[in-house]
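Note on naming: letters A, B, ... go to the chains in the order of the sequence lines (proteins, then strands), and numbering restarts at 1 for each one. Predicted, not measured: the structure shown is a model, and the values here were computed from it.
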There are 2 protein chains.
Amino acid sequence: MPQTDDLSEDRGGPTVEDTVLGDLIGYRLKRAYMQIQPEAQRALAEDDLRVVSFSCLSIITDNAGIVQSELADALQMERSNLVVIIDELEQRGLVTRKKVPTDRRRYALTATLRGRRLRDRAAEKVRTAEDQIIGRLDDKDRAHLMAVLQRLEDNTR
Amino acid sequence: MPQTDDLSEDRGGPTVEDTVLGDLIGYRLKRAYMQIQPEAQRALAEDDLRVVSFSCLSIITDNAGIVQSELADALQMERSNLVVIIDELEQRGLVTRKKVPTDRRRYALTATLRGRRLRDRAAEKVRTAEDQIIGRLDDKDRAHLMAVLQRLEDNTR
DNA sequence: TATTGTTATACTCTATAACTATA
DNA sequence: TATAGTTATAGAGTATAACAATA
């Protein structure tokens, strides 16, 4: 098994490969996410979307009629922080807010046709950006990664 | 393959499983990290460490003599944001700052015995916390996950 | 009484610019 | 002229408390 216990210069990089830290899943997850996130951000910025607003638009698109507190639950964020995001999506004509007749405290969120189309286009761009980073990761490894991450998440529910 | 296209109530949870979003690696990575991070945070808080200060202490421990800008590179963070963190680690007697004789602009960082011991203890706690979340993930899946995440990260360098 | 959406606010993280001392 | 460490500050992102409307 390849293991580097040589701390001196190795291959040009700014040194430092840590094993104790590198063996922690949380650290590896964060590092991997840090590579992907900026590229996703850049791809979404072309359509004036942030990662969080894209996530909202995406879930609303696939779950027409969802209300804000449910959306907050789904994204594990505070419903108070959702307000301005939905405000913007609504102002841009991407989603609609409609009072639920049976419970007038709640607003049913639905993506407009324009919203759904934007979501599809943006998702495609993010996918392309991700694929470029994934590089040599073949389909089998990708599928396995996704399955394990999903399982990891499910284990905590 | 198991695929849910039923959007109605499934098993008590607050609904919502999105496929377009859920098929993005960035989203899955973030979700998985969101499950792990709070537990790691809680484990580290017992020793008055934050994730970032633990990461610093850990890298310094394994790379005695590293200077701040190298550490910033290693953790992919701004060196300006490192200052207060190292300040605190130094004040707690966990690391030392020593001017490098050959280049007096730089400070060599080294973990003290107490720092190294704290790192080892804290790492063990985080590991335990992670293992509890990982649950049924067996050694093979864990190893494969780590390898793929590492590869994913390496692909971008 | 409890919940939904909302507002305001505080707190943490991260990013940027500018300074100093050294090179 | 450039770099390391530092400071101050601005900007995100996130969390908390309180309120009005509704249940």
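- Rounded to a whole Å, the CG atom of B:D73 is 15 Å from the C1' atom of C:dA15.
- Regarding B:I85, its CD1 atom lies at a distance of 12 Å from the P atom of C:dA15, rounded to whole Å.
- Nucleotide C:dT7 holds its P atom 7 Å from the CG atom of A:D87, rounded to whole Å.
- With respect to B:L71, the side chain to side chain contact (heavy atoms under 4.5 Å, CB included) criterion is satisfied by exactly one of B:I85, B:I86, B:N63: B:I86.
- Atoms CG (B:L82) and C1' (D:dA8) sit 17 Å apart, rounded to a whole Å.
- Checked by distance alone, B:S80 brings a side-chain donor or acceptor within 3.5 Å of a matching partner on the base of C:dT16.
- The residue A:R104 sits close only to the backbone: its heavy atoms come under 4.0 Å of sugar-phosphate atoms, none of a base.
- The shortest distance between the side-chain N/O atoms of A:S69 and the OP1/OP2 oxygens of C:dG5 is below 4.0 Å.
- Distance, A:Q76 CD to D:dG13 P: 18 Å, rounded to whole Å.
- Remark on DNA chain D: of its neighbouring residues A:K99 and A:M77, the 5'-side contact belongs to A:M77, judged by nearest-heavy-atom nucleotide.
- Of the candidates C:dG5, D:dT3, D:dG5, C:dG5 carries the atom nearest the A:Q68 side chain, counting heavy atoms from C-beta on.
- In the set C:dG5, D:dA8, D:dA2, the nucleotide with an atom closest to the side chain of A:R106 is C:dG5.
- One atom, CG of A:D103, and another, P of C:dA2, lie 17 Å apart when rounded to the nearest Å.
- Atom CD of residue A:Q68 and atom CD1 of residue A:I66 lie 10.0 Å apart, to the nearest 0.5 angstrom.
- If you check every strand for non-hydrogen atoms under 4.0 Å, B:V52 touches nothing.
- Atom CZ of B:R50 and atom C1' of C:dC11 are 12 Å apart (whole Å).
- Annotation for B:D139: atom CG does not count as buried by contact number, only 12 or fewer foreign heavy atoms lying within 6.0 Å.
- Side-chain proximity of A:K30 to the nucleotides C:dA23, C:dT14, D:dT6 is greatest for C:dT14.
- The only member of B:D47, B:T61, B:D62 that meets side chain to side chain donor-acceptor pair (under 3.5 Å) when paired with B:R119 is B:D62.
- The side chain of B:E78 lies closest to C:dA15, out of C:dC13, C:dG5, C:dA15.
- In terms of polar N and O atoms assigned as donor or acceptor, the side chain of A:R79 comes within less than 3.5 Å of the base of C:dG5 in a complementary pairing.
- Rounded to whole Å, atom C1' of C:dC11 lies 15 Å from atom CG of B:N81.
- Side-chain contact between A:V67 and A:Y107 is absent, with no heavy-atom pair separated by less than 4.5 Å.
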